[in-house]
> 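The following block contains the structure, expressed as C-alpha cells.
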Amino acid sequence: MERLISELGEPRDWLRDFAADLAAKYCVSRACTVITSLGRLLLDRQPNHPQALLERSRRSGRSMGSLARALETFFTGHGMAMATDQAERLAVGRRQRRIDAVPETLRPTVDAFAGFMMHSRERARRAGTRPRSDGAIEAALAIMRDLARFFAGECGKQDWALTDVHDVGAFLALSPKARKRWLVVLGQFFRFARSRKIVLVDPSHGLTSRGPSGFTGATLTLDQQRVLFRRWTIDPMKHGLPTIAARNTALFGMAGELPPIVISDLFGVHRNTANQWAALAQDSWAGYLAALNSEAAGRHE
C-alpha cells in the first residue's frame with residue numbers, strides 16, 4: 001500500500017483506511033489481490049474520484065467482483081459515494097429470463113404484463129403505498145411462465161384469447177397447495193389482458209381459492225380395509241391387547257364424558273341403555289363390578 005501511495009501523483013487520503021478495512025475482512029493474499037486491482041485503476045488516466053472509481057471497478061455479469069463490493073461497502077459506509085444499482089440489474093436479468101422462457105406466441109402479453117407491474121410499482125412508490133418487491137414480481141412471472149407452457153404444451157393453445165375456465169382449472173389442479181397464490185396472480189393477469197382487449201372475458205373470474213372439499217389423500221382398497229377391520233375386531237389378543245376389552249373400556253370412558261343422548265346417537269343404542277352406561281361410568285368401580293356380577297349371574301341361571 002505504501003508503494004502504491006508513493007507512485008500516485010495525488011495520494012488519496014482514504015487509501016490507508018481502505019487497506020485497514022480489507023485487512024480486517026480478508027486474508028492477506030486476498031487483500032493483496034484487491035489492492036493490486038485497485039492500483040491498476042488508480043494509475044491509469046481515467047477519473048478516480050470515489051463514485052467514478054466504484055463504477056469502473058464493476059465487472060459485467062451477475063457478480064460485480066470482490067473489488068467493487070469492497071469499494072461499495074467502504075465508500076457508502078463513509079459517505080463518499082452512492083450505492084450501485086447491482087441489485088436492480090440482477091433483478092432485471094431474473095425477470096427477463098422468466099419472460100424468455102415463455103413460448104414465443106404467448107410471450108408479448110407476458111412481457112407487457114411485466115411492464116405493467118413495474119409501472120404499478122413506481123406509481124405505488126410515488127404515492128407512498130406498499131409497492132411490489134422484486135421477489136413478488138419474479139414469482140408472478142414464474143407463474144405466468146408455467147401457465148403459458150401448460151397452455152401451449154398440454155392444451156395446444158397458442159393464443160391467450162382461446163383460454164377458458166376449464167384450462168385454468170386444470171392448471172390450478174397441478175398444485176392444490178399453491179392454488180390460492182396462483183389464482184391471485186392469474187386474476188391480475190387476465191384483468192390486465194382484458195383491459196388491453198387481449199381476451200374478451202376473464203377465465204379465472206368464477207374460480208375460488210378453495211379447492212375441492214372432502215378427503216383428498218390416499219385411501220386403502222376395500223379388501224385392505226376388511227383385513228384391518230378383522231384384525232382389530234376379531235383377533236382377541238392382537239398386539240398383546242384384548243381387543244374387545246379395549247373397545248369396551250373406550251366406550252365406558254366415553255359414556256362418562258358425553259351426554260347419554262349423544263352416546264345413543266353415536267352408537268345406535270337405546271336411550272335407556274345409554275343412561276345405564278352413563279350411570280355406571282359416573283358411579284364407583286364397586287358399583288360397576290356389582291353390575292357385571294349380576295349380569296353374569298343372570299346368564300348362568
Side-chain angles (χ1 to χ4, degrees), residues 101 139 142-157 163-187 203-285 287-300:
I143 294 173
M144 294 312 306
R145 173 201 61 199
D146 297 339
L147 177 65
R149 288 178 173 178
F150 178 80
F151 282 171
E154 301 295 330
C155 304
K157 297 182 178 181
T163 59
D164 55 28
V165 64
H166 302 290
D167 299 330
V168 177
F171 175 72
L172 295 175
L174 296 178
S175 181
K177 294 182 178 180
R179 179 185 180 92
K180 183 176 181 180
R181 183 175 70 254
W182 285 8
L183 192 57
V184 170
V185 176
L186 297 186
S204 65
H205 178 68
L207 299 175
T208 61
S209 59
R210 296 182 60 184
S213 60
F215 182 74
T216 58
T219 58
L220 298 175
T221 63
L222 290 178
D223 293 336
Q224 292 173 330
Q225 294 180 32
R226 292 188 183 99
V227 170
L228 289 177
F229 180 77
R230 294 190 184 98
R231 188 179 72 184
W232 293 339
T233 57
I234 298 177
D235 193 346
M237 290 294 292
K238 191 65 177 177
H239 304 299
L241 294 174
T243 306
I244 297 177
R247 184 192 61 182
N248 292 341
T249 301
L251 293 176
F252 185 74
M254 294 180 64
E257 297 178 0
L258 298 177
I261 189 172
V262 176
I263 296 295
S264 176
D265 292 338
L266 283 178
F267 302 107
V269 298
H270 195 272
R271 294 185 178 181
N272 294 336
T273 304
N275 287 324
Q276 293 176 1
W277 287 4
L280 291 174
Q282 295 172 3
D283 202 352
S284 63
W285 282 102
Y288 175 64
L289 295 176
L292 290 180
N293 292 332
S294 63
E295 291 182 3
R299 288 195 298 267
H300 289 295

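Along the sequence shown, the residues carry numbers beginning at 1.
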> In Å and rounded to the nearest 0.5 Å, what is the CG to OG1 distance from Leu147 to Thr163?
8.0 Å
> Is the shortest side-chain heavy-atom distance between Leu183 and Lys180 below 4.5 Å?
no
> Measure across Gly187 and Ser204 and return the closest heavy-atom pair with its distance rounded to 0.1 Å.
CA-OG, 3.6 Å
> Is Leu172 close to Leu186 at the side-chain level, that is, under 4.5 Å between some pair of heavy atoms?
yes
> With sequence neighbours left out, what residues match Asp167 under salt bridge (Lys or Arg N to Asp or Glu O under 4.0 Å)?
Lys157
> Phe171: what forms a ring pair (Phe, Tyr, Trp, His ring centres under 6.0 Å) with it, not counting sequence neighbours?
Phe150, Trp182
